[in-house]
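What follows is a short report on a single structure.
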Amino acid sequence: MALKTKLTEFLNIDHPVLCAPMAGVTGGKLAAAVSEAGGLGLLGGGYSETDWVMREMREAGNSRIGAGFITWALDANPTLLDDVLEHSPAAVMFSFGSVEPYAATVKRAGVALICQVQSVTQAREAAALGADIVIAQGTEAGGHGAARATLPLVPAVRDALPQEVIVVAAGGIGDGRGLAAALTLGADGVLVGTRFYATRESLAPEEGKRRLAAGCGDETYRGSVFDKARGIAWPAPYDIRTLRNRFIDHWAAEGLEAMDDDLGAIQADYTRAREAGDMDKFATIAGEAADLVNDIPPAEDVVTRMVQEAEDALSRAATMSFPR
């Protein structure tokens, strides 16, 4: 199996598959497993908690991995970037905020600079700041994102950027058919989160993995209820997609403003639910690709399946006839 693209050549990887840096989920073992399978795992820098990030960097052992940050959270702890760069990551990814304060530092270190964007305007800005790889993220993605859909956004970003800038697709990609589709849209690879959430190496709660494997995209919800319950003030226009549960059904119906009446108690209750693994309240982060997640395999199997399925899909497309 060999899908060679500009992404595989630039990052010196076997397969055009990146594991998303999911906060609290993509630890060192998951990132390492994806890299050892021929893709590239991006450790989830999340909310820039130094102790967690550096522990998980060590968990990756000698595997060649990258790291990803929520950019606006890194702004409160910018020295964490220097700590990560000391480990010589293969790439550093930034999402949800301006990369301008960090781009030159990453480039000077000789590390690949990846920027995730949710619009064509953001894509142009990232390229102007020196991004080697731009990830076009559609709203179908699990976790945080914005409004544009993957299918039209990816080719629009590809058309807007110089050819030397590598484009990667994200959002709603859960199997090899999605990888094949992304390549035909002009992307050079994919960033995958939801499918890797439900793997053995993932740090997600086991009950969350089981719920994802049994769930579907119809059962996801995008909004800000969970962020408010966690006490995390995400900037506009970003909100979060998760599987629905009793907590989200209640507060989505009541409205965000209704939470203000007893917000302290709601946040304390949510913290207890997280610690207890109560997935009727705690969020299962998942995107619309949930339908394509039906088991909890090793991450290596996900990479292998995805590449084989993509090759099969592309081969089928190549044999199609077009009567004239």
Side-chain angles (χ1 to χ4, degrees), residues 7 18-27 30-31 40-49 52-53 56 65-78 80-81 84-85 89-103 105-106 111-148 150 153-154 157 161 165-173 187 189-194 196-197 222 224 226-227 232-242 285-287:
L7 179 70
L18 310 181
C19 175
M22 297 172 282
V25 173
T26 310
L30 176 53
L40 181 66
L42 298 168
L43 186 145
Y47 295 95
S48 296
E49 298 170 352
W52 190 94
V53 172
E56 293 302 322
I65 67 167
F69 294 102
I70 296 170
T71 314
W72 64 261
L74 183 64
D75 292 344
N77 185 19
L80 178 56
L81 175 60
V84 167
L85 289 174
V92 174
M93 173 178 158
F94 298 89
S95 307
F96 314 117
S98 175
V99 72
E100 186 170 6
Y102 310 110
T105 300
V106 174
V111 173
L113 175 62
I114 304 176
C115 295
Q116 180 170 259
V117 302
Q118 292 78 33
S119 71
V120 174
T121 298
Q122 290 177 348
R124 290 194 178 104
E125 292 170 350
L129 289 168
D132 300 299
I133 300 167
V134 170
I135 298 175
Q137 183 206 38
T139 191
E140 300 93 327
H144 288 89
R148 291 208 58 179
T150 304
L153 179 62
V154 171
V157 167
L161 300 185
V165 178
I166 296 166
V167 173
V168 169
I173 299 166
V190 293
L191 179 83
V192 178
T194 297
F196 284 119
Y197 181 102
R222 180 172 284 286
S224 297
F226 281 121
D227 285 332
I232 300 176
W234 267 77
Y238 308 114
D239 53 16
I240 185 170
R241 186 180 297 280
T242 66
I285 311 297

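All values reported here derive from a predicted model rather than from experimental measurement.
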request  = Find out whether Tyr102 and Asp75 are in side-chain contact, i.e. whether some heavy atom of one side chain is under 4.5 Å from a heavy atom of the other.
outcome  =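 A side-chain contact exists here, since the closest heavy-atom pair is under 4.5 Å.
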request  = Side-chain contact test, heavy atoms from C-beta onward, threshold under 4.5 Å: evaluate it for Val165 versus Ile133 and give yes or no.
outcome  =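 SC-SC contact between Val165 and Ile133 ruled out.
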message = Closer than 3.5 angstrom, by distance alone: can the side chain of Glu56 be matched with the main-chain N or O of Trp52 as a donor-acceptor pair?
response =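 No, because the side chain of Glu56 does not come within donor-acceptor range (under 3.5 Å) of the backbone of Trp52.
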query = Would you say Thr194's side chain and Gly287's backbone share a donor-acceptor pair under 3.5 angstrom?
reply =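 Present.
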Shortest non-hydrogen separation from [X] to [Y] and the atoms involved:
| X | Y | result |
| --- | --- | --- |
| Val111 | Asp132 | O-OD2, 4.2 Å |
| Leu161 | Ala123 | CD2-O, 3.5 Å |
| Ile135 | Ala170 | CG2-CB, 3.7 Å |
| Val192 | Ile173 | CG1-O, 3.7 Å |
| Gly189 | Leu7 | CA-CD2, 3.9 Å |
| Phe94 | Leu74 | CE2-CD2, 3.7 Å |

Inter- and intrachain pairs under side chain to side chain donor-acceptor pair (under 3.5 Å), touching residues 139-148, at least two apart =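 Every pair satisfying side chain to side chain donor-acceptor pair (under 3.5 Å) with a residue in residues 139-148: Thr139-Arg222, Glu140-Thr150, His144-Asp227, His144-Trp234.
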Would you mind writing out the side-chain donor-acceptor pairs for residues 20-27 within the sub-3.5 Å range, not counting sequence neighbours?
{"from": "Thr26", "atom 1": "OG1", "to": "Ala20", "atom 2": "O", "distance (Å)": "2.7"}
{"from": "Thr26", "atom 1": "OG1", "to": "Met22", "atom 2": "N", "distance (Å)": "3.1"}

inquiry  = Within this structure, what is the CG-CZ distance for the pair Asp239 and Phe226, rounded to the nearest 0.5 Å?
reply    =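 Rounded to the nearest 0.5 Å, the CG-CZ separation comes to 12.5 Å.
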